[in-house]
Chemist: 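One structure follows; several queries about it will come next.
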Amino acid sequence: MQMLMLPFTPRFYILTICFVLTAVMLSIGIVDHKAFDWLLTPILIFGGLTLLGIRDLFQKNHAILRNYPISAHLRFLFEEIRPELRQYFFESEKDGTPYSRDTRSVVYQRAKMQLDKRPFGTQVDVYSDGYEWMHHSIAPRPEAHTSFRITVGGPECTKPYSASVFNISAMSFGALSPNAIRALNAGAKLGNFAHDTGEGGVSPYHQEAGGDIIWEVGSGYFGCRTKDGHFDPDKFAKVAGADQIKMVELKISQGAKPGHGGVLPAAKVSPEIARIRGIGLGEDCISPSRHTVFSTPIEMMKFIAEMRRLSGGKPAGFKLCIGHPWEFLAICKAMLATGIYPDFIVVDGKEGGTGAAPMEFMDNLGMPMREGVNFVHNALIGINVRDRIKIGTSGKIATAFDIARAMALGADWCNAARAFMFSIGCIQSLSCHTDKCPTGVATQDPTRARALVVADKKQRVFNYHEATLHALAELVAAAGLDHPGQIKPIHLSHRISTTEVVSFAQLHPELRPGELLEGTTNDSRFREPWVLAQAETFAPAA
């Protein structure tokens, strides 16, 4: 049925026109042999374009060619000439989109197993404000194997999970196409790393390949909700008990739009999405801005304990973008008051991505990833529980240096969303919210989603993950270390002016173990918020 629809879809008009013109001219030439002589050249031109378009339609390496036969070749032509024209037509580092061309190119090259090296040395101004680098050792270590892993699960967890230090961040089915979810999870299966479901529920497309899953449960409780939208413990236990699900994650907020709910209009709620999310067909799919199952820090800790129990003892934690500092510290006080501790916390930086959000939320609300992860890291040190709670983080992470920097600031592992989207063909057209993704990644249009070939793209997901961890292993070895978990703030430096350089240790000072419990801290990030924080409420003390 999809193939029958293609000729009548606007993006296939060029192929259709070429085919029709070729057929008409051939018919005229067969009937009138005299006309054939002067029709031969256009027949060859349009016939050749028709054959090219048909080849584009059925080849499996380039999704954009499958969606835009013939016309998409212009993109590859521009890619070929770009290095020569770059200094005239493009900015050196950023081009108005969330990632620089250099970063995207590295992801594409690693995903396709192409050479990711470049000539002529550093192409950034190392004396500009904000430039950062990692120190190397005179006595580098032998390069470690790239399977860097950490164990997630505290004393109350009976089924700890050995996680990769680099995993796929939360992206829901509904935001991404079925084939995109299939490719991501199949790539995670090949590489033995984890795939976060996002808050849209566990779909059959997450389950097909059997890759490790982190199930994210948001305020809509999709996949584990009652008819009136409240949390259903029986449904949660049934889904969370599957062996494929390795950890359960409570979503408090999302970096790109913290404190903002979401609505998927009824017109876009297909029977499949309604079934997976547990919502009514023909109804708006609403993600509230806040949870209904808890309203205080203490209740939140009790709910996390319940998630761990219902899942059969799997690691249970929560994800948030840091907002009011006293609210996170109130959660810390609730941990101490209840004796309930999450197994992990994922810190989502405000620079995290989303398909659509208000400009003010994306640009000016929430704490950036670096400050957020370091704040959480120090808060846990300050209450003497850092050793029992693992920290994940996400927010524009794409390269090995991004991972190393985040781990120096306190992360135990990193997640990436957009970078893995690049690996399966996303060209950052910024059309996610229109349902007209040109490569079939962020769409529910079946005629567009068919362009993404799972068998090809799952290998690219694996390649990108493997190559990035290989680069991380090289960085770690060059620094004289054996594991990225050994990277500390002292191993990185930041230029604050042309003549001044400070270490990350100076930029991000670390609290002493138990310092918040002692009430002796003079750190301005914590002194007043700790006093304001209350375990019984998210509101600050009067």
Side-chain angles (χ1 to χ4, degrees), residues 106-107 110-111 113 116 133-137 139-154 157 160-169 184-185 187-196 211-214 246-247 249 315 317 343-347 369-370 373-374 376-377 386-417 419-420 423 459-492 504:
V106 167
V107 176
R110 289 177 176 172
M113 294 190 71
D116 64 350
W133 67 94
M134 186 172 174
H135 306 160
H136 68 280
S137 172
R141 299 285 294 164
E143 186 181 318
H145 190 272
T146 59
S147 183
F148 297 125
R149 308 194 75 81
I150 58 157
T151 299
V152 184
C157 175
Y161 175 55
S162 175
S164 170
V165 298
F166 189 39
N167 301 288
I168 301 172
S169 195
L184 290 170
N185 193 261
K189 175 69 173 178
L190 287 175
N192 193 25
F193 55 99
H195 178 194
D196 193 309
D212 290 353
I213 287 176
I214 300 171
K246 304 301 182 183
M247 303 200 297
E249 175 183 289
D343 297 295
F344 65 92
I345 299 170
V346 176
V347 182
M369 182 271 289
R370 297 192 209 182
V373 74
N374 192 249
V376 170
H377 169 68
R386 182 63 183 89
D387 59 339
R388 65 185 297 163
I389 301 174
K390 292 295 191 291
I391 298 175
T393 194
S394 56
K396 271 192 169 181
I397 290 173
T399 69
F401 180 71
D402 295 335
I403 297 172
R405 178 171 52 199
M407 296 183 83
L409 292 171
D412 293 298
W413 87 84
C414 295
N415 296 331
F420 278 104
S423 75
Q459 188 63 46
R460 294 190 182 186
V461 172
F462 168 80
N463 293 343
Y464 165 60
H465 180 268
E466 188 76 4
T468 302
L469 286 191
H470 175 71
L472 180 62
E474 291 183 317
L475 280 178
V476 169
L481 307 173
D482 297 312
H483 190 281
Q486 297 172 325
I487 302 173
K488 303 300 179 187
I490 197 66
H491 293 123
L492 286 91
F504 270 40

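In what follows, residues are counted from 1 in the order of the sequence shown. This one's a predicted model, so the numbers in the text were calculated from it and none came from an experiment.
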Chemist: Is atom NE2 of His136 surrounded by more than 12 heavy atoms (other residues, nucleotides or ligands) closer than 6.0 Å?
Modeler: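 No - once you tally the heavy atoms of other residues, nucleotides and ligands closer than 6.0 Å, there are 12 at most.
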
Chemist: Could you tell me whether the side chain of Asp402 reaches within less than 4.5 Å of the side chain of Lys396, counting heavy atoms only?
Modeler: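 No, too far: nothing below the 4.5 Å cut-off.
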
Chemist: Roughly how far, to the nearest 0.5 Å, is CZ of Arg405 from CG of Leu475?
Modeler: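 Going from CG on Leu475 over to CZ on Arg405, the span is 11.5 Å.
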
Chemist: Looking only at heavy atoms, what is the nearest atom pair of Gly485 and Met407, with distance?
Modeler: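 Closest approach of Gly485 to Met407, heavy atoms only: N-CE, 3.9 Å.
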
Chemist: For the pair Asn463 (side chain) and Gln459 (backbone), establish whether a donor and an acceptor sit closer than 3.5 Å, ignoring hydrogens and angles.
Modeler: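 Looks like yes, one N/O pair under 3.5 Å.
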
Chemist: Could you point out which residue of Lys189, Met247, Lys246, His195 forms a side-chain contact (heavy atoms from CB on, under 4.5 Å) with Asp212?
Modeler: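 When Lys189, Met247, Lys246, His195 are each tested with Asp212, the side-chain contact (heavy atoms from CB on, under 4.5 Å) holds only for Lys246.
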
Chemist: Would one find more than 12 heavy atoms of other residues, nucleotides or ligands at under 6.0 Å from atom CZ of Arg149?
Modeler: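 Above 12, so yes.
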
Chemist: Any side-chain heavy atom of Ile391 within less than 4.5 Å of one from Val373?
Modeler: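 Result yes, sub-4.5 Å side-chain heavy-atom pair found.
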
Chemist: Between Leu472 and Val165, does a side-chain contact (heavy atoms from CB on, under 4.5 Å) hold up when you go through it step by step?
Modeler: CA-CA 10 Å; Leu472 180 62; Val165 298; 4.1 Å; yes

Chemist: Do side-chain atoms of Arg386 reach the backbone of Ile389 as a donor and acceptor pair under 3.5 angstrom?
Modeler: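 A pair under 3.5 Å: yes.
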
Chemist: Taking the side chain as everything from C-beta on, heavy atoms only, tell me whether Leu492 gets closer than 4.5 Å to Ile487.
Modeler: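 Sidechains of Ile487 and Leu492: in contact.
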
Chemist: Indicate yes or no: at least one non-hydrogen side-chain atom of Asp412 is less than 4.5 angstrom from one of Val152.
Modeler: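 With C-beta onward as the side chain, the pair stays apart.
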
Chemist: Testing the basics here: between Ala406 and Thr393, what is the closest heavy-atom pair and its distance to 0.1 Å?
Modeler: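 So the minimum-distance heavy-atom pair works out to CB-CG2, 3.9 Å.
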
Chemist: Write down the atom of Asn167, the atom of Ala194, and the distance for their closest heavy-atom approach.
Modeler: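 That closest heavy-atom pairing would be OD1-N, 2.9 Å.
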
Chemist: Please round to the nearest 0.5 Å and tell me the distance separating atom OG of Ser164 and atom CG of Leu469.
Modeler: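 The CG atom of Leu469 is 5.0 Å from OG of Ser164, to the nearest 0.5 Å.
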
Chemist: Classify the ring geometry of His465 against Phe193: parallel below 30°, tilted from 30° to 60°, perpendicular beyond 60°.
Modeler: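 His465 vs Phe193 ring planes: parallel.
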
Chemist: Nearest 0.5 Å, what's the OG-CG distance between Ser137 and Leu481?
Modeler: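 One gets 8.0 Å once the value is rounded to the nearest 0.5 Å.
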
Chemist: Rounded to the nearest 0.5 Å, what's the gap from CZ on Phe166 to CG on Asn415? Could you check?
Modeler: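 Reported value, rounded in 0.5 Å steps: 8.5 Å.
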
Chemist: Please round to the nearest 0.5 Å and tell me the distance separating atom OG1 of Thr151 and atom CG of Asp343.
Modeler: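 One gets 12.0 Å once the value is rounded to the nearest 0.5 Å.
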
Chemist: Search all heavy atoms of Pro160 against all heavy atoms of Pro315 and return the closest pair with its distance.
Modeler: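 Taking every non-hydrogen atom into account, CA-CG, 4.1 Å.
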
Chemist: List the atom of Phe504, the atom of Pro489, and the distance in Å for their closest heavy-atom pair.
Modeler: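 Between these two residues, the closest heavy atoms are CB-O, 3.1 Å.
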
Chemist: Give the minimum heavy-atom separation between Arg110 and Ala471, together with the two atoms involved.
Modeler: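 That would be NH2-CB, 3.6 Å.
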
Chemist: Just verifying a value: how many Å separate Ser169 OG and Phe420 CZ, rounded to the nearest 0.5 Å?
Modeler: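 So the OG of Ser169 and the CZ of Phe420 are separated by 9.5 Å.
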
